[in-house]
Amino acid sequence: MSQYRAVKGTKDIFPGEIASWKHIEKVIHRVADLYGFQEVRTPVFEYTELFQRSIGETTDIVGKEMFTFRPEERGQSITLRPEMTAGVMRAYIQGGLAASAPVHKLYYIAELFRKERPQAGRQRQFSQFGAELIGSSSPEAVAEVIGMMMQVFADLGVAGLKLRVNSLGDLDDRKHYIKALREYLEPYSAGFDDVTKERLGKNPLRILDSKDLDIQEVVAGAPKLRDYISVSAVDEFERVLRYLDEKGVAYVIDPLLVRGLDYYCHTAFEVISPELGAQDAIGGGGRYDGLAKQLGSKADIPAVGFAVGMERLLITMEKQGLLEHLEPEGPQVYIVLQDPRLVGEAVGICDALRKSGIKSLMDLAGRSMRAQMREANKIGAAYALFIGQSEMQSQVFGLKNLKTSEQESLSVRDIIGKLKPGRGM
Ligand code: AMP
């Protein structure tokens with residue numbers, strides 16, 4: 001019989017890798033808390049329409065990458081979430097969060113699903129951590145979101161990341177620019193491939209970051225977005241940059257950086273990792289003041305957010321040797337059974353230790369005493385506790401410190417007293 005395999009583009013995360021994930025998650029939770037962001041969890045699937053409305057029909061994600069299904073024959077179409085912003089904004093509006101405070105700072109660590117061609121750093125199920133700061137139109141909010149993201153990288157020790165920033169102007173500026181860009185590109189369109197032709201019709205901004213060299217040449221002569229940005233938008237962008245300077249966040253202004261989605265405006269940003277090869281974006285985000293109205297909110301709700309790919313962050317950290325020291329913590333006590341007939345007593349003692357909050361393990365494979373000792377050392381146990389006939393009779397047990405090889409003889413009560421959490425151990 002052939003073995004079952006994980007679905008193409010998905011990965012199992014085994015215990016050996018969990019320490020790395022937990023380490024990163026811990027830093028994310030800590031930094032998010034420092035900045036006053038609160039965790040939000042939304043459903044893994046949403047009505048398909050939500051993503052069509054928010055991400056936009058012309059994007060690759062909605063066009064061809066969504067896992068969509070219809071649970072009931074005549075029911076509404078549902079999609080496994082390909083990103084988090086839409087779901088978080090939907091929840092924010094549905095939950096009436098605006099009524100409780102003018103500004104909400106939300107963050108998440110979540111699994112996402114996109115039907116992409118799997119390759120290094122690109123999976124069909126992957127995870128992102130991200131944040132959405134909803135309700136503030138101030139440039140401080142943008143700098144704060146970027147600053148939080150960069151502090152996560154810094155606290156994880158990641159080096160060599162490049163932050164690219166750009167201003168897309170306000171929603172009107174964008175409209176004017178798109179018109180000018182389309183007029184400039186149209187005469188070249190006969191030489192474009194089908195995808196670029198389609199983008200020209202529906203979303204020409206996306207042609208700007210094309211990887212095709214011929215198209216890049218055409219783009220080099222295109223009207224510049226910065227020439228279409230209003231004075232107030234320039235002023236706003238400059239304030240964002242000044243606050244980034246204040247925070248000591250390094251950046252490069254990249255006039256060709258656009259985010260493809262319709263609702264983005266003002267500041268957009270992207271972080272590039274030097275360790276990733278072709279898929280070199282580790283995260284990105286920007287201001288998306290237009291989204292809430294698109295999702296049915298009566299009022300305009302300004303918002304800014306980012307998302308960072310956890311797998312790409314892990315790849316980057318691994319290449320920089322930042323995950324090597326992260327071994328899972330061994331038990332405090334490993335019970336070494338000298339006489340197999342005493343296994344019942346060993347079970348009882350192990351249980352008493354655990355109920356006192358002391359992480360304890362015992363052999364479950366009927367191994368010899370030597371093999372048990374080897375195991376205790378291998379998994380990094382702090383102490384070995386020996387159980388044999390004479391120990392049971394005297395109720396005094398050998399407790400060996402596996403680092404120093406010092407050995408004491410103690411009752412179970414004294415062992416608990418010595419090792420119990422909060423007793424200076
Ligand atoms: P996006 O939502 O497309 O802006 O992506 C934000 C970040 O998520 C990217 O910079 C990547 O780090 C990560 N990401 C996006 N798509 C994938 C994928 N298919 N597999 C792994 N990571 C991804």
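Numbering of residues begins at 1 and proceeds along the displayed sequence. Whatever order the structure lists ligands and atoms in, that order sets their numbers, starting from 1. Since the structure is predicted, the reported quantities are computational estimates derived from the model, not experimental observations.
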So is Gln128 touching ligand 1 or not, going by heavy atoms under 4.0 Å?
yes
Identity and distance of the protein heavy atom lying nearest atom 4 (O) of ligand 1
Arg259 NH2, 3.1 Å
A student checking ligand 1 against Gln123 at a 4.0 Å heavy-atom cut-off should list atoms 18 (C), 19 (N), 20 (N), 21 (C)
Between Arg81 and Glu46 (salt bridge meaning N to carboxylate O under 4.0 Å), is one present in this structure?
no
N/O separation below 3.5 Å, Gly309 to ligand 1
yes
Answer with side chain, backbone, both or neither: which part of Glu270 has a heavy atom less than 4.0 angstrom from an atom of ligand 1?
neither
Do Arg30 and Asp155 come within less than 4.5 Å of each other through their side chains, counting heavy atoms only?
yes
Do Phe306 and Phe129 have their ring centres less than 6.0 Å from each other?
yes
Near Gly283, which atoms of ligand 1 are under 4.0 Å from a heavy atom of that residue?
10 (O)
Before accepting this row, confirm whether a basic side-chain N of the pair Asp60/Arg199 lies closer than 4.0 Å to the acidic partner's carboxylate O.
yes
Cut-off 3.5 Å, side chains only: do Glu132 and Thr85 have a donor facing an acceptor?
yes
Look at atom 12 (O) of ligand 1 and say which protein heavy atom is nearest, naming residue and atom and giving the distance to 0.1 Å.
Ile282 O, 2.9 Å
How far is atom 21 (C) of ligand 1 from the closest protein heavy atom, and which atom is that?
Gly121 O, 3.3 Å
Tell me if the aromatic rings of Phe37 and Tyr107 count as close, with their centers under 6.0 Å from one another.
no
Residue-ligand contact Gly284/ligand 1, heavy atom below 4.0 Å:
no
Taking all heavy atoms of Ala346 and all of Ile335, pick out the closest pair and write down the distance.
O-CD1, 4.0 Å
Heavy-atom contacts with Glu116 under 4.0 Å: which atoms of ligand 1 show up? List them by number with element.
16 (N), 17 (C), 18 (C), 19 (N)
Counting only heavy atoms from other residues, nucleotides and ligands, does the tally under 6.0 Å from CZ of Arg41 exceed 12?
no
Which residue holds the protein heavy atom closest to atom 14 (N) of ligand 1, what is that atom called, and what is the gap in Å?
Phe126 CE1, 3.5 Å
Do Gln123 and Thr10 have side-chain heavy atoms sitting under 4.5 Å apart?
no
Out of Glu311, Arg114, Arg122, whose heavy atom is nearest to atom 16 (N) of ligand 1?
Arg114
Using a 4.0 Å cutoff against the non-hydrogen atoms of Ala281, which atoms of ligand 1 qualify?
9 (C), 10 (O), 11 (C), 12 (O)
